[in-house]
Amino acid sequence: MSHDARAVERLCDRSVLLRQGEVAFDGTTREAIARYRRLLAEERSPDELAAGLREWGSGEARIVSARLLDRDGDERQQFASGEPLVVELVVASDASVAPPLVSLELRDDDGVVLAGLSQPTAELGWRSGGERTLRFEVDRLPLADGRFHLRGALVEAEGGRLLHTLDDAASFFVFPAGGESGSVLLTGRWSMEEIPSPEQIVRR
C-alpha cells in the first residue's frame, strides 16, 4: 500500500483502491489515482497525511514541481536570515480549467502554520490549459533560524473546489546572519531619548 501516487504510477499498471477497508476500485493505475484524488478533493488536511500522503485533489490542475532559488536564480535549500528567496512552481492544467487560485502555506518543523497567502492566477495572465511557471519573490526572508516547509495548492477561484495540494512541496533551512534567534525575523529600529533629571527640569 502506498500514498505516493507518482511512484505507484511508475511501478504499477493495475491498482486497487481501498476505502474504509473495502475495495472501491480495481483497474488501471491511472484511473485508480484519479478516483483517489476525487475522494480527497474536498479535504484540506486528510488523515492520510500521517501515513505519508504528499498530494491530493481532483487533479485537473497540478503542481508538477517546486524549487527555491536565490537572487542569482540558483536552486538552494539553505538561506541566511533576511536573504532574498524565490519560490518557483511548475503547474500543469487541463484545457477546461478556469484560472485558479494558487496558495502557499509556510510551516515550521513542528507543523505550525507561520504564514499563508493566495493569488488569483487570472491576474498573472492565466488564460487556458497547458504548463506554466509561477514565481513568488520574497525580497527579505522574514525568518531567523530553523527548518521550514512550504505547502502549495491550486483551488477553483469560483466555488473553492480543491484541484491539487502538494504537501511539503519544498523544505529549506534558515541560519542566523547575526544575533537572530527563534523562527521569525523581528526587524525594526532602535532609538533612545534621555529623560531629564528633576534638577535639569527646575533649571529650565
Side-chain angles (χ1 to χ4, degrees), residues 2-13 15 17 28-46 48-49 51-79 84-107 113 115-138 147-173:
S2 175
H3 290 92
D4 188 337
R6 289 179 186 163
V8 171
E9 195 165 8
R10 282 196 308 269
L11 298 172
C12 308
D13 297 323
S15 298
L17 175 64
T28 66
T29 296
R30 184 176 294 274
E31 179 61 20
I33 291 172
R35 293 190 183 210
Y36 180 55
R37 285 176 171 163
R38 283 197 292 272
L39 286 174
L40 296 172
E42 301 305 319
E43 299 188 47
R44 292 297 184 262
S45 287
E48 288 90 339
L49 281 174
L53 180 70
R54 284 199 65 231
E55 55 183 298
W56 61 95
S58 64
E60 292 110 315
R62 302 161 303 284
I63 299 172
V64 178
S65 65
R67 299 195 305 158
L68 300 175
L69 311 175
D70 63 16
R71 73 172 81 219
D72 299 319
D74 295 324
E75 186 172 3
R76 285 174 41 192
Q77 291 184 317
Q78 294 189 36
F79 294 84
L85 174 146
V86 178
V87 181
E88 182 182 271
L89 303 177
V90 175
V91 177
S93 69
D94 298 343
S96 60
V97 173
L101 293 174
V102 59
S103 68
L104 289 174
E105 196 172 75
L106 175 69
R107 296 171 179 255
V113 177
L117 57 88
S118 62
Q119 168 67 45
T121 57
E123 296 177 4
L124 303 176
W126 185 307
R127 294 292 175 264
S128 60
E131 193 165 279
R132 52 190 55 77
T133 301
L134 305 177
R135 292 185 181 88
F136 177 67
E137 299 182 22
V138 179
R147 186 180 185 200
F148 301 91
H149 307 263
L150 285 173
R151 174 187 285 185
L154 297 168
V155 180
E156 276 187 339
E158 300 294 332
R161 189 168 62 96
L162 180 63
L163 302 171
H164 190 221
T165 292
L166 184 59
D167 190 48
D168 212 7
S171 61
F172 59 103
F173 290 91

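- Smallest separation of non-hydrogen atoms from Phe136 and Leu117: CZ-CD2, 3.4 Å.
- Here the CG-CH2 distance, from Leu163 to Trp56, works out to 14.0 Å after rounding to the nearest 0.5 Å.
- The environment of Glu131 atom CD is dense: over 12 non-hydrogen atoms of other residues, nucleotides or ligands sit within 6.0 angstrom.
- Atom-to-atom distance recorded for Glu88:CD and Leu68:CG is 10.0 Å, nearest 0.5 angstrom.
- Sparse packing is recorded around CD of Glu137, with 12 or fewer heavy atoms of other residues, nucleotides or ligands lying under 6.0 Å away.
- Summarising the geometry, atom CZ belonging to Arg151 is positioned 11.0 Å from atom CD1 belonging to Ile63; distances are rounded to the nearest 0.5 Å.
- Contact record, Arg127 with Ala122: NH1-O, 3.5 Å, taken as the closest heavy-atom pair.
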Worksheet item: Given the rule in the side-chain contact (heavy atoms from CB on, under 4.5 Å) test, do Glu75 and Gln77 qualify, once you have shown the distances and angles that lead to the verdict?
Response: CA-CA 7 Å; Glu75 186 172 3; Gln77 291 184 317; 6.0 Å; no
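- A donor-acceptor pair under 3.5 Å is absent between the side-chain atoms of Asp72 and the main chain of Asp74, judged by distance alone.
- Atom CD of Gln119 sits in a crowded spot, with more than 12 heavy atoms from other residues, nucleotides or ligands closer than 6.0 Å.
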Show me, pair by pair, the donor-acceptor contacts under 3.5 angstrom made by side chains of residues 92-105, not counting sequence neighbours?
from	atom 1	to	atom 2	distance (Å)
Ser93	OG	Arg132	NH1	3.4
Glu105	OE1	Arg107	NE	2.9
Glu105	OE1	Arg107	NH2	2.6

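- The two residues Ala66 and Leu89 make their nearest non-hydrogen contact at CB-CD2, 3.6 Å.
- Side-chain contact between Val91 and Thr121 is absent, with no heavy-atom pair separated by less than 4.5 Å.
- Side-chain atoms of Leu85 and Asp70, non-hydrogen and from C-beta on, never get closer than 4.5 Å to each other.
- Within the 4.5 Å cutoff, the side chain of Leu150 has heavy atoms near those of the Phe172 side chain.
- Between the side chain of Arg76 and the main chain of Gln78, a donor-acceptor pair closer than 3.5 Å is present.
- Side-chain N or O atoms of Arg62 include none that pairs as donor or acceptor with a backbone N or O of His164 at under 3.5 Å.
- Looking at Asp167 and Arg54, no side-chain N of the basic residue comes within less than 4.0 Å of a carboxylate O on the acidic one, giving no salt bridge.
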